[in-house]
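This report concerns only the one structure given below.
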Protein chains: 2
Amino acid sequence: MSAKEILQNYVAKTISLTDEQFDYFFSHFKPQSFKKGQAIITAGDRVNCEYFVTSGCLKAFYINDDLKMFILQFAMPTWWASDFDALYSGNVATIGLDCITDAEVLCLTNADREKLCKEIHAIEHFFRWRTNKGYVASQKRLLSFMNNDTKHRYEELLAQYPELYNLVPKQLIAAYLGVSRETLSRLYNS
Amino acid sequence: MSAKEILQNYVAKTISLTDEQFDYFFSHFKPQSFKKGQAIITAGDRVNCEYFVTSGCLKAFYINDDLKMFILQFAMPTWWASDFDALYSGNVATIGLDCITDAEVLCLTNADREKLCKEIHAIEHFFRWRTNKGYVASQKRLLSFMNNDTKHRYEELLAQYPELYNLVPKQLIAAYLGVSRETLSRLYNS
DNA sequence: GGTTTTATGTGATGTAGGTCACTTTATGAA
DNA sequence: TTCATAAAGTGACCTACATCACATAAAACC
């Protein structure tokens, strides 16, 4: 399936666009390819775009003063990723976005998203629902963090994304769960 | 300031509506008053509304199998609260919403929100931005959870909402921070 | 005001997970 | 195939926080 078709299928789950409307919508996206390990957003950068993943796997992460990394999101195909705080507010990035594998994305600028939202009411609706879903998911993760122990959250993650198990280093899974790699290692070797 | 004015000021920060448009928008909100301790949403209920707080303070919370409470949000004036997952998906509530103090809210049904979003493009824009802000705030809280220790998060919370210190029992602050009340007590008595 | 809840403080003790140090195993590039 | 680098496993030890138990204080209610 082409990047265009992946996006079209994804959009069709929320709104109905004519082919002409979708073509117009799609014309604002810029396809980009990245190699494993490449950075898409680096902390300190200005952020102009959000990225729709069509293949591969990204990580959105924060690095604290002690150089410890925390992963906010693994972005798989049909996921959106960016430093949304920086993107919306115009501040420089505090979140990095890197490729865990070779990856292809569709890049949409903030200005184009706002233009599209203004021009086509259905597209504003689409982006509202996308963020709604993200918000609910984020709340759920927060709750899981407060409520569940590491083992539980680890199993939860793998149940939701079994492919991560072979795809990403265990270190990164630990950084997503918010524990040290040693703790995660001990968790499933006992 | 009346509830209507509070909402109008809040909306005006994101979009411009004519007085007629705002009156129409406002006509869909139902003012409700609650007493301290009253429940607005109880886990297991169907959820039809979201609530815009105009006075008082609410808590949105989850109670786990061990009857331990976790607070997702303290909702102060101009904050929106509900079980958004239940509201959007039609599932029954897993989140409760209670009044910490006497409170007044404006109640908007899911159906009316969607109707308003469809009828008036600017209103869809407004709700998109509201959720954007919520999403970014939720991500930040998640990061703070992973990155910072309890003391840091406690000071962060009080810096952001100093009024909480005298307004809500320390137990609830502990439930927001995700620690036991004993730990919180020891934290600021040393 | 007096009585019953509810909230808070504090000691003793247990435990999950962190950190450091080192070893072992993969992965990748020349 | 070999060497270099990154990832993963593991022991020893430490710390933040949980839990339980009980004491005290503050609200709330008749």
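Order of the sequence lines fixes the chain letters, A, B, ..., with proteins taken first and strands second; residue numbering starts at 1 for each chain.
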Can you confirm whether the side chains of B:Gln32 and B:Tyr51 place a donor and an acceptor under 3.5 Å from each other?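 No - no donor-acceptor pair under 3.5 Å links their side chains.
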
Carboxylate-amine/guanidinium contact [X] [Y], below 4.0 Å:
X        : Y        : answer
A:Arg130 : A:Glu50  : yes
A:Asp102 : A:Lys35  : yes
A:Lys170 : A:Glu182 : no

Against the six-membered ring of A:Tyr176, is A:Arg141 placed for a cation-pi contact (under 6.0 Å from the centre, within 45° of the normal)?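 Flagged: A:Arg141 positioned over aromatic ring of A:Tyr176.
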
Relative to A:Phe61, does A:Lys59 satisfy both conditions: NZ or CZ under 6.0 angstrom from the six-membered ring centre, and within 45 degrees of the ring's axis?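 Yes; both conditions hold, so A:Lys59 lies above the ring face of A:Phe61.
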
Is the phosphate of D:dC17 approached by B:Ser180 (side-chain N or O, under 4.0 Å from OP1 or OP2)?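 No, because none of the side-chain N or O atoms of B:Ser180 sits under 4.0 Å from OP1 or OP2 of D:dC17.
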
Side chain to side chain contact (heavy atoms under 4.5 Å, CB included) with A:Lys4: which residues, sequence neighbours excluded?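 For A:Lys4 the side chain to side chain contact (heavy atoms under 4.5 Å, CB included) partners, ignoring immediate neighbours, are A:Ser2, A:Phe22, A:Asp23, A:Phe26.
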
Contact class for [X] (heavy atom, under 4.0 Å): base, sugar-phosphate, or nothing?
X        : value
B:Gly37  : nothing
A:Lys151 : nothing
A:Lys68  : sugar-phosphate

Between atom [atom1] in [X] and atom [atom2] in [N], what is the gap in whole Å?
X        : N      : atom1 : atom2 : answer
A:Met146 : D:dC17 : CE    : C1'   : 16 Å
B:Arg181 : D:dC17 : CZ    : P     : 16 Å
A:Asn147 : D:dC17 : CG    : C1'   : 16 Å
B:Leu184 : D:dA16 : CG    : C1'   : 14 Å
A:Leu172 : D:dA7  : CG    : P     : 8 Å
A:Arg186 : D:dA7  : CZ    : C1'   : 15 Å
A:Tyr188 : D:dA8  : OH    : C1'   : 7 Å
A:Gln171 : D:dA6  : CD    : P     : 10 Å

Tell me which of A:Asp149 and A:Glu182 sits closer to the 5' end of DNA chain C, going by the nucleotide each one is nearest to.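 Per heavy-atom nearest nucleotide, the more 5' residue is A:Asp149.
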
Using the heavy-atom set of chain B and a strict 4.0 Å cut-off, write down the first and last nucleotide of DNA chain C that makes it in, 5' to 3'.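 Boundary nucleotides touching chain B, in 5' to 3' order, are C:dA7 to C:dA12.
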
